[in-house]
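Inspection log for the structure reproduced underneath, given as structure tokens.
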Amino acid sequence: QHGIATMCMAPLARGRMFGRSDLATIAKELGRSEAEVAIRWCLQSGYIPIPKSINPERIELNTAKGFDLSNSCMARIKQVDSGYMSCTMASPCHELAWDLVADSIPHPDTWGGGRKKGKGKG
């Protein structure tokens, strides 16, 4: 509706929820890891997941390529949400309902968010 892409910070909840939900069952059924399934769900839902890893093998798996989730799997995974927040230092702004703030966000030109040519060059 507003043309805004949503990026997922720590989309895997730092692995703290692995093995505690139907996601584990779905991953086992598909022969994939929970991380792959969660990332694939994000991608198919239109989110931009940014998982973190320094392990080359995990980085490759985090691409979640080579498979798609069925509509049934997508629906099951959507039901997994328990409200768990892995980053407890996150701003409480994430709790605001988008429809309450979306129409009141000023155009970037009114607050300097629209960069003009020549600005910021020292």
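Just so it is clear, the structure is predicted and the values come from calculations on it, not from any experiment. Note that these values count all heavy atoms, side chains included, but never hydrogens, waters or copies made by symmetry.
Evaluation of the ring-ring contact (aromatic ring centres under 6.0 Å, His included) test over residues 9-45, restricted to residues two or more places apart or in two chains, returns Trp41-Tyr47. For the ring-ring contact (aromatic ring centres under 6.0 Å, His included) condition, no pair includes a residue of residues 59-78, sequence neighbours left out.
Remark: Gln44 pairs with Arg40, Asp68, Leu69, Met74 by the side-chain contact (heavy atoms from CB on, under 4.5 Å) rule, at least two apart or across chains. In terms of the side-chain contact (heavy atoms from CB on, under 4.5 Å) criterion, residue partners of Leu61 (sequence neighbours excluded) are, by chain and number, Glu36. Scored by the side-chain contact (heavy atoms from CB on, under 4.5 Å) test, Glu60 finds Thr63, Lys65 as partners (sequence neighbours excluded). Residues satisfying the side-chain contact (heavy atoms from CB on, under 4.5 Å) test with Ile50, not counting sequence neighbours, are Met7, Ile48.
At distances below 3.5 Å, not a single donor-acceptor pair connects side-chain atoms of Glu34 with backbone N or O atoms of Ala27.
For Ala24 against Gly19, the heavy-atom pair with the smallest separation is CB-CA, 4.0 Å. Annotation for Ser53 and Ile59: closest pair O-CD1, 3.5 Å, computed over non-hydrogen atoms.
Side-chain contact check for Ile26 versus Arg76: some heavy-atom pair is nearer than 4.5 Å.
Residue Arg58 holds its CZ atom at 9.5 Å from OG of Ser33, rounded to the nearest 0.5 Å.
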